[in-house]
Structure formats: structure tokens, C-alpha cells
Amino acid sequence: WRKESVPTSAELRQGLAKQPKSTGFAAIPYSEVPAFFADELAKDLTPSRAAMLFTILTGARSGEVRNARWDHIDLDEKIWARPAESMKAGVAHSVTLNAAAIDVLQRMAAPDGRAALVFASARAGKPLSDMSLSRMLRAAGRPETVHGFRSSFRDWAAEQMPTVPAMVAEMALAHSVGTATEKAYLRSDLRALRFKLLDAWGAFVVGQE
């Protein structure tokens, strides 16, 4: 019913308030991660602290770690196979486990059935709350976020592992990578390269480079 032409997208944007540029999640600089990890590892290994350390070592999201189950873990193959329903993008994803991540798993209590949560809360059968890992950071006097460890890992990969393609780090973070054409032709999950990258990250974090 308009007598005038429909506004263009540029005209619509001009009428909207300016939005602040996103700065992302606050992250600990990767150079400080080994010292932070060592300090936390020396403390009582509660489920919340263990989950945070495992989050650092795998580059995973907090919710994925808090809902990890023993039947997702294959210690022999060094793989954490996460089903689609546990992933943000709704796509199944496998995480390569470095030696330090496996050590954290082995220090947890023996599972009460393979479907048991790896990092169980005090409430039987319930996962840790979304604030449980953040409280570990606050208790250590750090203002950053748990999600920020993904950025710490990504910055380290870019600066310290330049021979590993950027696509590998993005895959390790369970990000969608490549154009539609690239996705159509790339059928590999680059697992060997992801093992190399995550093994090096684990060695860096625990100070065994």
C-alpha cells in the first residue's frame, strides 16, 4: 500500500542506533596459561576444577565438558566423541585428547556405569552448573571467562604453530570452516593434524615443550 519506494537496507541502518563493536570473551593471554594451569593443578582436584583444566586442554566449550559422559570417551584411541545433541551446531564432533587431558580424566573417580558424567556435581546424576567453572577463575583472582580459553588456544595456534593450517585449529574448536565448495570436497576431519596441534597445546600448557 506504500506510495513511496521501500527503503534500502542502507537507509534502514542509518535510522538505527550505533551498536558497540563486540570485543568477544575476555581471555587469559596464552603466555600466562601454563602458570595458571600449574597453580590450579596443585590445588584440590574437585570436579569443577578438573572440568576447567580439561576445558583448557581440549579447547572445548564449558557446556560440552560439563555434559561429557564416560561412554563418549575412548582412552585407548585418545578420542572424545561428542554426539550431535551435545554440540552447539548440532553436528557430531570428535576431540583428540592429548596426554595432559587423559591424565585429568584418569585422576577422576572411577565411573559408576559408562553413561555416568565425567565431571559430576554433588547432585547425583546432575551436571555441574554453568557457573561452577567460572567460580574457579574468580577464586584464582582472574577476571577472564572460561570461554576465553578457546581464544587463548586459537591465539597460541596462530602464533606458535604457523606450519599447521588455520583450518585445523578451527576444526579443533568445532567451528564450521571453508566455503560451500570447500566443504563439498573436503571429506577428511584432519584428525592426524588435530592430534599434532592438540598434543603440542597440551605440552605447552603443562610446560613440557
Side-chain angles (χ1 to χ4, degrees), residues 24-25 27-34 36-37 41 50-108 118-119 133 145-209:
F25 293 91
I28 295 179
Y30 73 80
S31 60
E32 298 177 22
V33 171
F36 173 80
F37 186 93
L41 191 62
M52 181 184 65
L53 298 180
F54 191 73
T55 298
I56 295 171
L57 292 166
T58 59
R61 297 178 178 89
S62 167
E64 294 159 358
V65 171
R66 290 185 289 105
N67 287 286
R69 300 200 315 259
W70 284 108
D71 58 353
H72 298 163
I73 305 288
D74 188 329
L75 292 177
D76 293 329
E77 295 295 327
K78 301 179 182 180
I79 287 292
W80 172 24
R82 301 183 297 191
E85 60 267 23
S86 72
M87 299 300 298
K88 179 180 178 181
V91 178
H93 179 73
S94 293
V95 177
T96 61
L97 299 174
N98 50 48
I102 291 175
D103 180 63
V104 171
L105 292 174
Q106 291 175 332
R107 293 176 63 176
M108 301 307 295
V118 176
F119 307 103
L133 277 65
T145 65
V146 175
H147 196 88
F149 284 116
R150 288 166 58 83
S151 293
S152 305
F153 163 73
R154 190 64 185 86
D155 288 345
W156 167 86
E159 295 188 13
Q160 300 300 321
M161 299 291 286
T163 60
V164 176
M167 180 179 288
V168 178
E170 292 298 307
M171 278 192 173
L173 292 169
H175 286 164
S176 178
V177 296
T179 64
T181 300
E182 289 170 333
K183 291 176 184 177
Y185 283 94
L186 181 64
R187 304 300 173 86
S188 170
D189 64 1
L190 306 181
R191 185 167 297 187
L193 284 171
R194 288 194 289 121
F195 264 115
K196 176 182 178 180
L197 184 64
L198 268 296
D199 284 353
W201 170 243
F204 169 77
V205 170
V206 300
Q208 295 180 349
E209 285 187 297

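When a residue number appears, it is its place in the shown sequence, counting from 1. Predicted, not measured: the structure shown is a model, and the values here were computed from it.
- In terms of modelled atom types and a separation under 3.5 Å, the side chain of Ser151 and the main chain of His147 share no donor-acceptor contact.
- For the pair Arg69 and Val118, the tightest heavy-atom approach, listed with the atom from each and the gap, is C-CG2, 3.6 Å.
- Annotation for Ala51 and Val65: closest pair O-CG1, 3.6 Å, computed over non-hydrogen atoms.
- Taking CG from Leu173 and NE2 from His93, the interatomic distance works out to 8.0 Å, rounded to the nearest 0.5 Å.
- Summarising the geometry of Ala60 relative to Trp80, their closest heavy-atom pair is CB-CZ3, 3.7 Å, with the distance given to 0.1 Å.
- No donor-acceptor pair closer than 3.5 Å links the side chain of Arg82 to the backbone N or O of Val95.
- Between Asp199 atom CG and Thr96 atom OG1 the span is 6.5 Å, to the nearest 0.5 Å.
- Note: Phe204 CZ to Ser31 OG = 6.5 Å, rounded to the nearest 0.5 Å.
- Here the side chains of Thr58 and Phe149 are not in contact, with every heavy-atom distance at 4.5 Å or above.
- Rounding to the nearest 0.5 Å gives a distance of 12.5 Å between CE of Met171 and CG of Leu197.
- Between the side chain of Arg107 and the backbone N or O of Ala50, no donor-acceptor pair lies under 3.5 Å.
- In plain terms, the two heavy atoms of Ala172 and Arg194 that are nearest each other are N-CD, 3.8 Å.
- More than 12 non-hydrogen atoms from other residues, nucleotides or ligands lie less than 6.0 angstrom from CD of Glu32.
- In this structure, Trp201 and Ile56 approach most closely via the heavy-atom pair NE1-O, 2.7 Å.
- Trp156 is listed as a side-chain neighbour of Met161, based on a closest heavy-atom distance under 4.5 Å.
- When atom types are taken as modelled, the side chain of Ser94 and the backbone of Ile79 share no donor-acceptor pair closer than 3.5 angstrom.
- Within the 3.5 Å criterion, the main-chain N or O of Leu57 finds a donor-acceptor partner in the side chain of Asn98.
- Closest of all the heavy-atom pairs between Ser152 and Ala27 is OG-CB, 3.9 Å.
- The distance from atom CD1 of Ile28 to atom OG1 of Thr145, rounded to the nearest 0.5 Å, is 9.0 Å.
- Side-chain contact between Leu105 and Phe119: present, with at least one pair of heavy atoms (C-beta onward) separated by less than 4.5 Å.
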Legend entry - Candidate pair Phe54 and Met108, rule side-chain contact (heavy atoms from CB on, under 4.5 Å), full reasoning: CA-CA 11 Å; Phe54 191 73; Met108 301 307 295; over 6 Å; no
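- Here the CG atom belonging to Leu133 is positioned 7.0 Å from the CZ atom belonging to Arg66, to the nearest 0.5 angstrom.
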